[in-house]
Participant: 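Let me begin by handing over the structure; questions about it come next.
Computed from heavy atoms alone, side chains included, the values below leave out hydrogens, waters and symmetry copies.
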2 protein chains.
Amino acid sequence: MEKPRTRKVARELQIQTIKATARRLLDQRGASELSLREVAREMNQTSSALYRYFANRDELLTALILDAYNDLGASTEDAEAVVARSNRRERWLVATRTIRRWALQHPHEYALVYGSPIPGYHAPVETIVAATRVTNVLGRIINDHFQEHPTAFDPSSEKRVAEFFELENLRFFMPNVPAEMLVKGIGAWTQVFGFVSFELFGHYENSVRDFEAYFDEVVTRLGHDVGIF
Amino acid sequence: MEKPRTRKVARELQIQTIKATARRLLDQRGASELSLREVAREMNQTSSALYRYFANRDELLTALILDAYNDLGASTEDAEAVVARSNRRERWLVATRTIRRWALQHPHEYALVYGSPIPGYHAPVETIVAATRVTNVLGRIINDHFQEHPTAFDPSSEKRVAEFFELENLRFFMPNVPAEMLVKGIGAWTQVFGFVSFELFGHYENSVRDFEAYFDEVVTRLGHDVGIF
DNA sequence: ACAAAAAGAGAGCAGTGCTCTTGCTTTTTG
DNA sequence: CAAAAAGCAAGAGCACTGCTCTCTTTTTGT
């Protein structure tokens, strides 16, 4: 074990170790079976010692949720960043495939984040920011298209959509996307995660044979729907 | 003289009471907080007594899952059955709205069924049957349309789709729907539940202002997509 | 060098799922 | 119709959990 230089560093290191250990156990057992005592045992420590770093189990879970959002977000950003900005089709495919692949590789973390929320748990602000990252990747691809192919906003559509959307928020990330396409965009976002959840949680059993192929099919259609290729 | 079977009746009644009590607590606390001991306490009984009726906590949860599927299925069937069979648009709207309303009225039961699955839990066969009910309502509406407006199956589409779908299974409930529309149908199904999950689990926060209106918008578009109106 | 702050250990409380034994009641059967 | 079998409830108990409290050890700033 390396000797940490300062207490602050040691503390940060300890927090990382706890989270890493917890993540390891999470991947084996799932969120509801994650036990603070087992994390401590795994680290050759007392459970009470962990309470110096996380006030309770929920706080640890929140930290894991935050990490999961950021990991998924960063993975998607990185994967998509490699593709030429003008190649909208490939960007869309790469981004959505990365989301699915990440979910399959981290099923319990995906479930933690996109499955049923912990009862009584309310997402703190930082979580919301982290949660936005994946979504923004998809949004940026769509927006880039309409930035390059400017489309006039239809006032009546704008007005109608503004009644059920938080238009200001959506336009913060997709300023060039007309209302009509915002609706389709949010729909595509919903469907991508709906797909992944259905696949992961077993609802496609007896319906889908080749998930990979069907996912590509769906995602290609969605790309057409939102008008980016 | 009929031989007395009060014991059998009593047993069934007891099972129903346990489930009802559990459901009540579930609605208050959520699945992961549901405690067998608390159910027993609520019934003025010992926890060990409950083990005569359910071998373990998971078995009780499975029973609740089964009931939830059937309740959602029956609600949707009943609501849709009232509408004239020829009025496809209304049937579609009523069915999908019923699904959403049921979810909002029974959030914890919805989460139990469509949220993250219990770790290590594998759905028994009866569950699969019950799970099919809602889906079949949607499928039947689509199929009814293509039964009335027969559409030739495009062999190349059929072949392509058969590679990722379990076509035999899907055609069992939707024999008249061409492959192309099966893809869109499954997509619509995914999107409806993706929407409800996103709404219920808080992922539409900051994006959607009026869920009711947006849901109608989405569901109307889906109806057009699958070609039934 | 020393007091203050931080961290860990250990005991303990209340809660959980689940098992086993012990009596009691109902049903089945010889 | 009584005896045997089966069903049911209760209570004690085990191993686990989250979490708190107190006490001891280690580290740090002055």
Side-chain angles (χ1 to χ4, degrees), chain A residues 1-26 28-65 108 112 118-121, chain B residues 1-26 28-65 108 112 118-121:
Chain A
M1 196 66 94
E2 200 165 333
K3 171 170 86 177
R5 296 189 58 191
T6 80
R7 200 144 222 178
K8 206 137 201 187
V9 170
R11 184 177 179 81
E12 190 51 41
L13 197 133
Q14 184 76 332
I15 288 179
Q16 292 305 328
T17 308
I18 295 172
K19 289 200 293 186
T21 310
R23 202 155 22 230
R24 235 184 54 229
L25 296 176
L26 184 73
Q28 294 169 16
R29 288 161 172 68
S32 70
E33 312 263 282
L34 180 65
S35 139
L36 263 175
R37 285 181 115 111
E38 193 176 6
V39 173
R41 230 177 289 130
E42 207 77 8
M43 297 173 61
N44 293 314
Q45 276 205 320
T46 333
S47 70
S48 58
L50 297 199
Y51 283 85
R52 300 256 172 223
Y53 304 93
F54 296 95
N56 50 45
R57 190 175 171 275
D58 269 13
E59 207 170 271
L60 173 57
L61 281 178
T62 302
L64 293 179
I65 288 176
H108 287 112
L112 189 64
I118 314 298
Y121 165 81
Chain B
M1 273 289 190
E2 277 292 351
K3 58 182 171 179
R5 27 169 199 170
T6 77
R7 195 144 228 178
K8 223 166 193 150
V9 170
R11 182 177 179 83
E12 190 51 40
L13 198 133
Q14 183 78 332
I15 287 179
Q16 292 305 328
T17 308
I18 295 172
K19 289 200 292 186
T21 310
R23 201 153 25 228
R24 236 184 51 229
L25 296 176
L26 186 72
Q28 294 169 16
R29 288 163 172 69
S32 69
E33 313 263 282
L34 180 65
S35 139
L36 263 175
R37 285 180 116 110
E38 193 176 6
V39 173
R41 228 177 290 132
E42 206 77 9
M43 298 174 61
N44 293 315
Q45 275 205 320
T46 334
S47 69
S48 59
L50 298 199
Y51 285 84
R52 299 251 165 222
Y53 305 93
F54 297 95
N56 50 45
R57 191 174 170 277
D58 269 14
E59 207 171 272
L60 173 57
L61 280 178
T62 302
L64 292 179
I65 288 176
H108 287 112
L112 189 65
I118 315 299
Y121 166 81

Participant: Any side-chain heavy-atom pair from R23(B) and L64(B) closer than 4.5 angstrom?
Facilitator: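 Yes, at least one pair of side-chain atoms sits under 4.5 Å.
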Participant: What's L34(B) touching, base or sugar-phosphate or nothing? Going by heavy atoms closer than 4.0 Å.
Facilitator: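 The residue L34(B) makes sugar-phosphate contact but no base contact.
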Participant: Provide, to the nearest angstrom, the distance between the CG atom belonging to N44(B) and the C1' atom belonging to dG11(D).
Facilitator: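 Checked: the CG to C1' distance equals 16 Å.
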Participant: Find the distance E42(A):CD to dT17(D):P and express it as a whole number of Å.
Facilitator: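 Rounding to the nearest Å, CD of E42(A) and P of dT17(D) are 12 Å apart.
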Participant: Want to settle it: does R41(A) or R52(A) sit nearer the 5' end of DNA chain D, counting the closest nucleotide to each?
Facilitator: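 It is R41(A) whose nearest nucleotide is closer to the 5' end.
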Participant: Could you state the atom-to-atom distance from CD of E38(A) to P of dA15(D) in whole Å?
Facilitator: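 Going from CD in E38(A) over to P in dA15(D) covers 17 Å.
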Participant: Can you find a heavy atom in the side chain of L60(A) that is under 4.5 Å from one in the side chain of Y53(A)?
Facilitator: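 Side chain of L60(A) against side chain of Y53(A), heavy atoms only: no contact under 4.5 Å found.
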Participant: Would a 4.5 Å heavy-atom cut-off, applied to side chains only, mark Q16(B) and L13(B) as touching?
Facilitator: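 Counting from C-beta outward, Q16(B) and L13(B) never come under 4.5 Å.
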Participant: Between the base of dA9(D) and the side chain of T46(B), is there any donor-acceptor pair under 3.5 Å?
Facilitator: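 A donor-acceptor contact between them is absent.
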Participant: Using the closest heavy atom to pick a nucleotide of DNA chain C for each, name whichever of Y53(A) or R37(A) lands nearer the 5' end.
Facilitator: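 That would be Y53(A).
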Participant: If you compare every side-chain N and O of R11(B) against the phosphate oxygens of dC8(D) (OP1, OP2), does one of them come in below 4.0 Å?
Facilitator: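 The answer is yes; a side-chain N or O of R11(B) sits under 4.0 Å from OP1 or OP2.
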Participant: Output the rounded distance in Å from CD1 (I15(A)) to P (dG8(C)).
Facilitator: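 My rounded result for the distance is 11 Å.
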Participant: Quick one, L36(A) and Y51(A) - any side-chain contact, counting heavy atoms below 4.5 Å?
Facilitator: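 A side-chain contact under 4.5 Å exists here.
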Participant: In whole angstroms, how far is the P atom of dT17(D) from the CG atom of L60(A)?
Facilitator: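 Rounded to the whole Å, the gap is 14 Å.
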Participant: Can you find a donor-acceptor pair, distance only, under 3.5 Å between S48(A) side chain and dA9(C) base?
Facilitator: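 Indeed there is one.
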Participant: In whole Å, what is the span from the NZ atom of K8(A) to the P atom of dT27(D)?
Facilitator: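 Value for this atom pair: 19 Å.
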Participant: Could you check how far CD of Q45(B) sits from C1' of dG7(D), rounded to whole Å?
Facilitator: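 Between C1' of dG7(D) and CD of Q45(B): 13 Å.
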Participant: With a 4.0 Å cutoff (strictly under), does any side-chain N or O of Q14(B) reach OP1 or OP2 of dG7(D)?
Facilitator: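 False: Q14(B) side-chain N/O out of range (4.0 Å or more) of dG7(D) OP1/OP2.
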Participant: Find the partner of dT22(D): check Watson-Crick (N1-N3 plus N6-O4 or O6-N4) and G-U wobble (N1-O2, O6-N3) distances, both under 3.5 Å, and reply none if neither fits.
Facilitator: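 Looking at the geometry, dT22(D) pairs with dA9(C).
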Participant: Would you mind reading off the distance between I18(A) atom CD1 and dG18(D) atom P, rounded to a whole angstrom?
Facilitator: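 Roughly 13 Å, once rounded to whole Å.
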Participant: Quick one: are Q14(B) and M43(B) in side-chain contact, heavy atoms under 4.5 Å?
Facilitator: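 Yes, side chains in contact.
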Participant: Compare side-chain N and O positions of S35(B) against OP1 and OP2 of dT16(C) and report whether any pair is under 4.0 Å apart.
Facilitator: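 It does, given that an N or O in the side chain of S35(B) lies less than 4.0 Å from OP1 or OP2 of dT16(C).
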Participant: Report yes if a side-chain nitrogen or oxygen of R7(B) is closer than 4.0 Å to either non-bridging phosphate oxygen (OP1 or OP2) of dG7(D); otherwise report no.
Facilitator: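 Checking dG7(D) against R7(B), no side-chain N or O comes under 4.0 Å of OP1 or OP2.
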